[in-house]
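Worth saying up front: this structure is predicted, and the values here are computed from it rather than measured.
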Amino acid sequence: YFETWHRQSPTQLTLQERYQRWINEKQKKQLVTVTTNETIANLHVSLEAYYQSIQRPYYYIHSPEDLICPFHTLEKDSNNHGVIKHERGGPLYNFLTQVYQEDNPPVLIINYNNFSASELARLNALLDKTRAIDGVSIPKYCTIVGLMNTMKPDCYQGPDFYSRFNDTDCLPETMNP
């Protein structure tokens with residue numbers, strides 16, 4: 001039968017070499033599959049530490065609720081009082097609208113382990129050709145690194161989801177960060 005995605009597992013690479021490989025191409029969409037929830041948690045922390053060490057801007061999405069850019073925000077005024085701002089804002093909005101250098105594009109790390117099949121379908125605009133989150137465009141050269149535990153009982157593994165990624169890397173159990 002015909003596979004709509006290509007899973008790779010370059011076992012000869014170190015974790016850091018894999019981390020770099022996942023972000024080498026601009027506008028890349030990389031899915032990383034693992035076999036335990038513990039590996040997802042460790043990988044998320046390890047990825048953040050690595051991208052921070054190479055000064056690559058990144059943002060971590062833990063669940064679908066993190067994919068919201070609110071229309072009203074609360075900010076402190078000069079007297080340290082809360083003031084409601086009637087404009088889009090929040091940490092994700094600020095990350096998405098920031099200007100980045102083309103030679104150091106941002107990375108979105110998305111923990112798909114916490115998404116249901118219906119949430120994957122509802123929020124798939126971030127993997128479309130014209131990528132957006134909550135109606136806000138994703139920076140042009142942003143790389144998306146998705147994390148997913150394929151052994152989770154309710155893990156969605158349909159080709160419609162996998163085919164949206166440029167590459168899928170199966171992280172061996174022996175490489176738990």
Side-chain angles (χ1 to χ4, degrees), residues 4-6 19 22-34 37 40-41 43-45 47-48 50-52 54-78 81-150 152 154-169:
T4 57
W5 69 92
H6 180 66
Y19 296 171
W22 298 341
I23 61 170
N24 271 348
E25 298 173 32
K26 295 174 183 164
Q27 296 179 305
K28 184 173 185 176
K29 296 174 285 186
Q30 171 73 53
L31 183 63
V32 180
T33 61
V34 299
N37 290 337
I40 290 268
L43 185 57
H44 146 240
V45 171
L47 275 171
E48 283 193 10
Y50 177 73
Y51 294 143
Q52 192 170 24
I54 63 169
Q55 299 181 336
R56 179 63 66 96
Y58 67 89
Y59 192 90
Y60 175 68
I61 307 279
H62 184 70
S63 68
E65 292 78 25
D66 295 339
L67 291 169
I68 297 172
C69 297
F71 283 95
H72 304 288
T73 58
L74 187 62
E75 293 183 9
K76 290 182 182 179
D77 66 13
S78 59
H81 295 104
V83 176
I84 296 175
K85 297 273 187 170
H86 299 284
E87 56 189 42
R88 294 203 86 164
L92 178 58
Y93 178 83
N94 294 342
F95 179 82
L96 294 174
T97 57
Q98 186 173 333
V99 175
Y100 296 98
Q101 297 173 349
E102 189 176 331
D103 63 344
N104 193 32
V107 179
L108 277 172
I109 304 167
I110 303 174
N111 185 347
Y112 284 113
N113 207 40
N114 298 319
F115 288 61
S116 68
S118 63
E119 289 165 334
L120 289 174
R122 182 173 50 89
L123 300 167
N124 66 13
L126 64 101
L127 298 172
D128 287 344
K129 187 170 184 165
T130 304
R131 306 175 306 168
I133 296 175
D134 200 19
V136 179
S137 294
I138 293 175
K140 183 177 181 182
Y141 297 114
C142 183
T143 296
I144 295 173
V145 177
L147 311 177
M148 181 177 272
N149 174 5
T150 55
K152 186 177 161 196
D154 61 345
C155 175
Y156 183 73
Q157 297 190 49
D160 56 325
F161 175 68
Y162 280 82
S163 66
R164 293 177 166 273
F165 291 89
N166 304 102
D167 192 20
T168 301
D169 188 0

Run the side-chain hydrogen bond (donor to acceptor under 3.5 Å, both in side chains) test against [X] and tell me which residues pass, sequence neighbours left out.
| X | answer |
| --- | --- |
| Glu119 | Ser116 |
| Ser78 | none |
| Tyr60 | His62, Asn111 |
| Gln52 | none |

Nearest non-hydrogen partners of [X] and [Y], listed with the distance:
| X | Y | result |
| --- | --- | --- |
| Ile68 | Pro70 | O-CD, 3.5 Å |
| Pro139 | Leu96 | CG-O, 3.4 Å |
| Lys152 | Asp154 | CE-OD1, 2.9 Å |

**Q.** Derivation of the side-chain contact (heavy atoms from CB on, under 4.5 Å) call for Lys28 and Val145
**A.** CA-CA 8 Å; Lys28 184 173 185 176; Val145 177; over 6 Å; no
**Q.** Stepwise side-chain contact (heavy atoms from CB on, under 4.5 Å) test for Ile23 and Ile54
**A.** CA-CA 12 Å; Ile23 61 170; Ile54 63 169; 4.1 Å; yes
**Q.** Residue pairs fulfilling salt bridge (Lys or Arg N to Asp or Glu O under 4.0 Å) with at least one residue in residues 56-72, sequence neighbours excluded
**A.**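 Salt bridge (Lys or Arg N to Asp or Glu O under 4.0 Å) check on residues 56-72 returns no pairs.
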Do the side chain of [X] and the main chain of [Y] share a donor and acceptor less than 3.5 angstrom apart?
| X | Y | result |
| --- | --- | --- |
| Arg88 | Val136 | no |
| Gln30 | Thr143 | no |
| Asn166 | Lys29 | yes |

What distance do [X] atom [atom1] and [Y] atom [atom2] have between them, rounded to the nearest 0.5 Å?
| X | Y | atom1 | atom2 | answer |
| --- | --- | --- | --- | --- |
| Leu126 | Leu108 | CG | CG | 7.5 Å |
| Asn149 | Asn37 | CG | CG | 5.0 Å |
| Leu92 | Leu67 | CG | CG | 6.5 Å |
| Ile144 | Leu31 | CD1 | CG | 11.0 Å |
| Thr97 | Ile138 | OG1 | CD1 | 12.5 Å |
| Phe161 | Met148 | CZ | CE | 4.0 Å |

Q. With a 4.5 Å heavy-atom cut-off, do Ile110 and Ile133 have their side chains touching?
A.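 When only atoms from C-beta onward are counted, Ile133 and Ile110 do not touch, as no gap falls below 4.5 Å.
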Q: Side-chain contact test, heavy atoms from C-beta onward, threshold under 4.5 Å: evaluate it for Pro106 versus Gln98 and give yes or no.
A: no
(Q) Run the side-chain contact (heavy atoms from CB on, under 4.5 Å) test on Tyr162 and Thr33 for me, step by step, so that the C-alpha distance in whole Å, both residues' side-chain angles and the decisive distance to 0.1 Å come before the verdict. (A) CA-CA 11 Å; Tyr162 280 82; Thr33 61; 4.2 Å; yes
Q) What pairs with Phe95 under ring pair (Phe, Tyr, Trp, His ring centres under 6.0 Å), at least two apart in sequence or on another chain? A) Tyr59, Tyr100
Q | Under the ring pair (Phe, Tyr, Trp, His ring centres under 6.0 Å) test, residues paired with Phe115 that sit two or more places apart | A |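 Scan of Phe115 (ring pair (Phe, Tyr, Trp, His ring centres under 6.0 Å), adjacent residues dropped) gives Tyr112.
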(Q) Evaluate Ile109 against Leu43 for side-chain contact (heavy atoms from CB on, under 4.5 Å), listing each step before the verdict. (A) CA-CA 10 Å; Ile109 304 167; Leu43 185 57; over 6 Å; no
Q. Can you name the salt bridge (charged side-chain N to carboxylate O under 4.0 Å, His left out) partners of Asp77, sequence neighbours left out?
A. none
(Q) If the condition is side-chain contact (heavy atoms from CB on, under 4.5 Å), which residues does Asn94 pass it with, not counting sequence neighbours? (A) none
Q | Under the side-chain contact (heavy atoms from CB on, under 4.5 Å) test, residues paired with Gln101 that sit two or more places apart | A | Asp103, Asn104
